[in-house]
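Fair warning: this is a prediction, and the values are worked out from it, not measured in the lab. The sequence lines fix the lettering, A, B, ..., with proteins before strands; numbering per chain opens at 1.
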Amino acid sequence: MELTYTEEEEEFRARLRQWLARALPALPARPDPGDWPARRAYDTGWQRTLYEAGYGRLHWDAPPAQRLIFLEETERAGAPYVGANFVGLLHAGPTIAAEGTDEQRARWLEPVLRGDEVWCQGFSEPGAGSDLASLRTRAVREGDDYLVTGSKVWTSHAEIADWCELLVRTDPTAPKHRGISWLAMPMDAPGVTVRPLRTLTGTAEFAEVFLDGVRVPLANRIGAENDGWRVTMVTLAFERGTAFAGEVVACRRALEEIAAAARAGGQWDDPVLRRTLGRLNAEFRALWRLIQWNASKAGATGGPPGTGGSVLKLRYSRARQELYEAAALVAGDGGLDLDGRWTADRLTSLSYTIAAGTSQIQRNIIAERILGLPKGG
Amino acid sequence: MDFRLTEDQRALRAGTRELLARLWPPEALREPVDRARLRGLWRALGDAGVFALRLPEAAGGVGLGAAEAVLVFEEAGRVLLPGPLVATHLAAGTVEGAATGESVVTRVDGELVAWLEAADRVAGDPGLDLDLTGAVPLRSVDPLTPLHRLPRPAAGGGAGAGGHDPAAALLTAAEQLGSAARTTESAVRYAGEREQFGRPVGSFQAVKHLCAEMLVRVEIARVAVYAAAVTGDPVEIAGAKLLADEAAVLGARDCVQVYGGMGFTWEAEVHLHLKRAWTRARTWPVAAAAEEIEAETLGVGGG
Ligand SMILES: Cc1cc2nc3c(=O)[nH]c(=O)nc-3n(C[C@H](O)[C@H](O)[C@H](O)COP(=O)(O)OP(=O)(O)OC[C@H]3O[C@@H](n4cnc5c(N)ncnc54)[C@H](O)[C@@H]3O)c2cc1C
């Protein structure tokens with residue numbers, strides 16, 4: 001068990017730190033959260049900058065230690081996180097890298113890394129949320145294409161995405177897990193309609209996507225026909241396993257800020273608040289250790305992180321909600337002000353126990369797949 | 001960075017598990033542990049190198065580090081090994097006979113001292129300067145941890161005297177981790193075997209989710225304890241104890257619940273885990289102290 005970084009790893013950190021000190025002042029001002037084109041430009045611009053400096057691939061094939069250092073240093077320096085590149089970098093990208101053909105890798109990976117193309121995730125449907133495998137969007141072969149009809153919902157970044165990782169039913173007669181395929185769908189194809197949905201934060205973070213006879217080339221299928229469920233499990237393992245590492249670093253920084261504000265504002269004298277923050281400090285440090293643990297294991301086996309990701313997802317999402325509840329105690333009346341320092345974060349934090357598999361579903365996964373308890377119930 | 005057990009560490013864990021299965025099988029918990037029995041156990045543990053684990057080889061020790069000690073104490077926690085293990089282990093090299101298990105060494109923690117009557121020495125007490133004459137026995141909730149209460153808190157606060165010793169906190173946390181892992185396994189096994197309404201109770205989601213939360217607490221405590229052993233940072237150790245205490249206490253409670261009426265019996269081992277977890281959770285730092293230690297470092301700039 002080794003937690004100190006090697007000399008080589010520390011050199012990487014030092015170079016990155018120097019580079020960040022030069023690159024960050026050149027960043028444009030953060031865009032208004034309601035202005036999607038500006039958000040896209042900002043997020044992809046940052047990815048482009050990373051790419052040009054040789055850091056573009058870090059989420060993919062860097063040794064785990066380098067990736068963790070990258071997350072620590074960029075967060076510490078206040079650099080943007082993946083933003084609109086989330087699905088491309090942490091979801092569709094790693095899936096295509098793991099499951100795609102050489103041609104597919106050549107077509108889709110570089111544009112994501114260069115910040116040229118943005119992806120969204122078309123998994124959930126009105127009738128298929130936790131029970132994702134019951135999805136009904138149909139894809140029927142016609143010549144070299146699939147004709148896709150159906151609807152998706154809660155699709156984040158749909159308004160500005162170029163591509164959608166789309167789950168479709170290619171065999172309606174097969175058992176539900178066996179008739180699914182994973183497609184790369186161009187969002188500008190005729191028949192795609194995006195209707196933004198306003199979230200409880202007040203802005204439109206996700207959308208409904210209606211698909212009416214959309215043509216998607218057969219060549220855009222990742223993995224074999226009807227093998228999409230297995231491919232999806234690869235995607236979700238990436239999502240739950242490593243995609244939250246950056247968030248945990250962000251939480252540790254937010255905790256410092258909340259504590260500093262409490263010290264400055266006098267709330268620090270309240271032992272209940274102090275102890276809550278102290279507890280969260282232990283919690284987030286342990287979550288970071290869990291990320292290091294998972295990353296070391298994944299680095300050793302080379303594959304996607306296993307079901308251990310569910311442990312992280314379940315605990316992290318709850319801790320992040322507790323963090324912003326504590327922030328609200330510090331904010332006092334400011335917690336009712338939408339322009340207050342942590343109000344938007346507190347509202348957003350409600351989604352963490354729902355998106356990417358609800359906490360109930362994570363507990364089912366842990367109980368059935370890790371502990372081996374009988375299915376059903 | 002490579003945060004995984006090494007081959008040697010895995011082997012040590014497996015070897016310790018085998019050793020303890022022989023020295024302290026589940027039936028051993030059924031008999032009272034008197035002075036003679038404890039001394040026999042101590043000699044066997046001493047022979048196996050449990051107490052001398054961290055002494056340099058030149059001094060007759062095994063020459064291993066805190067990470068290895070944590071793995072051994074985790075195993076001890078799993079099987080509810082009794083006695084002042086942490087105190088004797090920490091006394092190895094300074095108190096004559098501790099390394100070999102010839103001396104049973106205990107220590108004062110706050111106002112309490114465990115195993116006072118069976119012990120030869122009280123750590124931090126070079127003979128007489130710690131006044132233990134007024135110590136009165138209490139009817140300990142844990143049948144395998146006899147406790148005395150001192151008339152007033154032990155003075156000082158230095159290692160061994162007032163009990164504020166991060167090294168002891170770390171090993172105690174490791175024992176809690178082992179206990180939590182054990183009660184989680186027991187609950188899962190029972191939930192898979194016991195049938196009601198024509199199916200295993202573990203197929204009911206309310207039971208499943210209890211078990212899932214138990215595992216999550218164990219896994220979080222595990223990385224916290226292992227990492228604290230590696231870094232040796234006193235704040236990280238306090239945090240690890242906090243999380244391990246919680247994993248052990250809540251794990252045992254949930255295990256009682258999963259066992260149903262059987263969980264409330266003296267016969268089922270689980271109450272022993274709960275009671276031992278309570279006694280360990282009372283050692284320094286208790287939750288409030290650990291949280292304050294963690295808080296102290298927050299929001300003071302640097303970040
Ligand atoms: C902010 C946000 C962004 C999102 N972005 C995307 C995206 O980009 N692309 C995408 O495809 N999806 C996205 N989602 C959708 C998300 O994955 C789903 O909301 C989630 O999987 C839950 O599905 P559902 O909303 O249909 O809830 P339901 O499945 O209807 O669940 C309702 C309640 O029932 C519980 N429940 C359901 N089944 C079980 C069970 N078997 N056992 C116990 N409890 C159960 C759930 O835990 C929940 O509490 C996003 C969601 C949010 C909140």
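Using a 4.5 Å cut-off between heavy atoms, B/A288 contacts chain A through both its backbone and its side chain. For chain A, the nearby parts of B/V235 are the backbone and the side chain; heavy atoms of each come within less than 4.5 Å. Contact annotation for B/L5: both backbone and side-chain heavy atoms come within less than 4.5 Å of a heavy atom of chain A. Only the side chain of B/L243 comes within contact range of chain A, judged by heavy atoms closer than 4.5 Å.
For chain A, the option among B/V216, B/V207, B/V223, B/I293 with the highest count of heavy-atom pairs below 4.5 Å is B/V223. Among B/A227, B/A287, B/G239, the residue with the largest count of heavy-atom pairs under 4.5 Å with chain A is B/A227. Put simply, of B/T6, B/V188, B/I220, the one with the most heavy-atom pairs under 4.5 Å next to chain A is B/I220. Taking B/A191, B/C211, B/A228 one by one and counting their heavy-atom pairs under 4.5 Å with chain A, the maximum is reached by B/C211.
Under the 4.0 Å criterion applied to side-chain N and carboxylate O atoms, A/R274 and B/E291 are not assigned as salt-bridge partners. Salt bridge B/E213/A/R315: absent, no basic N to carboxylate O contact under 4.0 Å. By the 4.0 Å N-to-carboxylate-O rule, A/R279 lies close enough to B/E246 to be salt-bridged with it. Under 4.0 Å is where a charged nitrogen must lie from a carboxylate oxygen, and between B/E236 and A/R289 at least one such pair does. With respect to B/E294 and A/R285, a salt bridge is recorded, a charged nitrogen being found less than 4.0 Å from a carboxylate O.
Not a single donor-acceptor pair under 3.5 Å links the side chain of B/K208 to the backbone N or O of A/I366.
Within 6.0 Å of the CD atom in B/E195, the count of heavy atoms belonging to other residues, nucleotides or ligands exceeds 12. B/Q9 CD: more than 12 foreign heavy atoms inside a 6.0 Å radius.
Summarising the geometry, atom CZ belonging to B/F3 is positioned 9.0 Å from atom CG belonging to A/L290; distances are rounded to the nearest 0.5 Å. Note that the OG1 atom of B/T297 and the CG atom of A/N281 stand 4.5 Å from one another [nearest 0.5 Å].
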